[in-house]
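Just below is one structure, and these are the notes that go with it.
Every chain is numbered from 1 and lettered A, B, ... according to where its sequence line falls, protein lines coming before strand lines.
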Amino acid sequence: MLIATWNVNSLKVRLPQVLDWLGKHSPDALCLQELKLEDAKFPLAEVQAAGYFAAFSGQKTYNGVAILSREPAVNVVCGIPGFEDEQRRVISADVGGVRLVCAYVPNGQSVDSDKYQYKLRWFAAFSAWLERELAAHSRLAVLGDYNIAPEDRDVHDPKAWEGQILVSGPERDALRRLIEFGFKDSFRLFEQPEKSFSWWDYRMNGFKRNLGLRIDHILLAPALAANCVSCSVDVEPRRNERPSDHAPVIAEISA
DNA sequence: ATGGCTTGAGTGTCAAGA
């Protein structure tokens with residue numbers, strides 16, 4: 001089973017690239033973030049024509065998440081239960097015997113902003129919910145844009161980024177808590193090239209110079225991690241014309 | 001140099017992303 005995550009930074013703009021990528025990789029499920037469109041404008045017909053079902057939770061202009069899947073997604077839940085939030089950042093569902101959570105973690109803007117406090121508050125609720133979900137679903141996968149680079153090796157210039165948004169201590173602590181629950185960062189189950197990233201700033205030729213961060217992750221419950229046979233970042237779509245600033249991350253689960 | 005790109009909104013130019 002192939003599962004993947006991709007922050008597309010506008011599904012309207014990126015739809016042709018998403019359809020192209022689905023055709024090339026045929027994942028069983030693809031989690032999308034930053035749709036930036038309301039549900040009435042979700043390109044369902046195009047996705048179905050490509051052979052996929054879709055569960056989605058969108059809003060105008062910002063945020064928005066979706067799970068595209070070969071088999072219909074069932075038991076779909078939008079948001080973090082019990083956490084009031086107008087921002088559409090989470091959708092979860094069962095696909096092919098796996099419980100998938102698709103998440104777009106808040107960016108945080110800067111460590112001294114209200115948005116950073118929201119990010120930490122949001123993540124605390126996310127984390128508490130995932131701990132319960134992990135107890136309920138042994139085959140649980142949490143895919144998405146975490147907007148957190150777990151370690152210095154996930155940052156092109158750790159000195160320059162020290163203490164900044166996406167790498168700050170409280171953010172990393174919050175992510176580490178998920179690992180303490182038993183989740184595995186599937187990317188680090190395998191030997192990986194040095195300086196592997198999943199996001200590069202549009203500005204200053206960030207991609208060409210590989211000035212990136214690894215902030216998109218596939219976390220797996222132990223039972224899935226034990227059967228994970230590969231995980232990688234697919235940098236190819238970042239070379240496209242009008243690319244998303246994020247690249248897809250893809251993992252393969254055997255059996 | 002707190003800039004640089006890209007998107008959506010909306011038709012000026014700004015907010016937000018990371």
Side-chain angles (χ1 to χ4, degrees), chain A residues 5-18 21 31-43 56-66 85-90 102-123 126 143-175 187 195-217 233 235 237-249:
Chain A
T5 179
W6 192 6
N7 178 324
V8 290
N9 185 20
S10 168
L11 184 56
K12 182 184 170 190
V13 173
R14 235 64 68 189
L15 181 62
Q17 297 181 40
V18 170
W21 197 84
C31 295
L32 300 175
Q33 302 87 37
E34 281 208 273
L35 308 180
K36 295 188 173 180
L37 41 80
E38 51 201 328
D39 288 346
K41 295 187 176 176
F42 189 91
F56 46 88
S57 176
Q59 68 185 92
K60 204 173 173 181
T61 313
Y62 302 115
N63 309 311
V65 285
D85 191 3
E86 292 184 353
Q87 302 188 23
R88 302 293 189 234
R89 294 183 175 278
V90 178
C102 170
Y104 176 44
V105 177
N107 168 282
Q109 196 165 66
S110 68
V111 293
D112 58 2
S113 72
D114 292 344
K115 287 174 183 168
Y116 181 73
Q117 295 307 318
Y118 165 68
K119 181 179 193 171
L120 296 180
R121 215 169 49 244
W122 187 96
F123 207 103
F126 184 56
L143 306 88
D145 176 1
Y146 285 72
N147 268 319
I148 300 171
E151 301 175 68
D152 280 355
R153 61 178 165 163
D154 302 311
V155 180
H156 68 90
D157 186 348
K159 272 271 188 286
W161 280 86
E162 190 173 2
Q164 302 291 313
I165 199 73
L166 314 178
V167 310
S168 74
E171 290 168 84
R172 285 179 166 175
D173 289 347
L175 180 53
F187 190 76
K195 300 186 184 301
S196 289
F197 307 124
S198 68
W199 169 87
W200 301 260
D201 201 305
Y202 283 124
R203 299 166 296 186
M204 302 292 289
N205 281 317
F207 179 65
K208 282 184 180 168
R209 299 160 68 198
N210 198 29
L211 307 180
L213 303 175
R214 193 176 70 90
I215 55 178
D216 300 88
H217 309 299
V233 179
V235 299
R238 191 63 175 77
R239 302 188 212 279
N240 290 344
E241 298 234 354
R242 292 192 83 182
S244 169
D245 43 357
H246 295 253
V249 181

Starting at [atom1] of [X] and ending at [atom2] of [N], how long is that distance when rounded to a whole Å?
| X | N | atom1 | atom2 | value |
| --- | --- | --- | --- | --- |
| A/Tyr202 | B/dG4 | OH | P | 16 Å |
| A/Gln164 | B/dG17 | CD | P | 16 Å |
| A/Lys208 | B/dC5 | NZ | P | 12 Å |
| A/Leu211 | B/dC5 | CG | P | 13 Å |
| A/Tyr62 | B/dA15 | OH | P | 9 Å |
| A/Asn7 | B/dG17 | CG | P | 11 Å |
| A/Arg203 | B/dA18 | CZ | C1' | 8 Å |
| A/Glu34 | B/dT7 | CD | C1' | 9 Å |

For [X] and [Y], test the side chains for any donor-to-acceptor distance below 3.5 angstrom and give the result as yes or no.
| X | Y | answer |
| --- | --- | --- |
| A/Arg88 | A/Asn63 | no |
| A/Asn9 | A/Lys36 | yes |
| A/Gln33 | A/Asp145 | no |
| A/Glu34 | A/Asn7 | yes |

Distance check, [atom1] atoms only: [N] and [M], in whole angstrom units.
| N | M | atom1 | result |
| --- | --- | --- | --- |
| B/dG10 | B/dC5 | P | 26 Å |
| B/dT13 | B/dG4 | P | 16 Å |
| B/dG8 | B/dA18 | P | 14 Å |
| B/dA1 | B/dG12 | C1' | 25 Å |

(request) Specify the residue among A/Gly108 and A/Lys60 whose closest nucleotide of DNA chain B lies further upstream toward the 5′ end. (result)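 Between the two, 5'-proximity favours A/Lys60.
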
(message) Quick check on DNA chain B: between A/Asn63 and A/Asn205, whose nearest nucleotide comes earlier from the 5' end?
(response) A/Asn205

(request) May I ask you to say what A/Asp216 touches in the nucleic acid, namely base, sugar-phosphate or nothing, with a heavy-atom cut-off under 4.0 Å? (result) nothing

(request) Look at all strands and tell whether A/Leu166 reaches a base, only sugar-phosphate, or nothing, counting heavy atoms closer than 4.0 Å. (result) sugar-phosphate

If you compare every side-chain N and O of [X] against the phosphate oxygens of [N] (OP1, OP2), does one of them come in below 4.0 Å?
| X | N | result |
| --- | --- | --- |
| A/Arg242 | B/dC5 | no |
| A/Thr61 | B/dT7 | no |
| A/Lys115 | B/dA16 | yes |
| A/Asn107 | B/dA18 | yes |
| A/Tyr104 | B/dA18 | yes |

(request) For the pair A/Asp152 and A/Arg172, find out whether any cationic side-chain nitrogen is under 4.0 Å from an anionic carboxylate oxygen. (result) yes

(request) Select one nucleotide: of B/dG4, B/dT6, B/dA18, the one nearest the side-chain heavy atoms of A/Met204. (result) B/dG4

(request) Taking only the side-chain heavy atoms of A/Ile215 (C-beta and beyond), determine which of B/dA18, B/dA9, B/dG8 contains the nearest atom. (result)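 From the listed options, B/dA18 comes nearest.
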
(message) In terms of relative ring orientation, are A/Trp200 and A/Phe207 parallel, tilted or perpendicular, with 30° and 60° separating the classes?
(response)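 Ring orientation of A/Trp200 relative to A/Phe207: perpendicular.
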
(request) Kindly say whether, by distance alone, the side chain of A/Asn147 makes a donor-acceptor pair under 3.5 Å with the base of B/dA18? (result) no

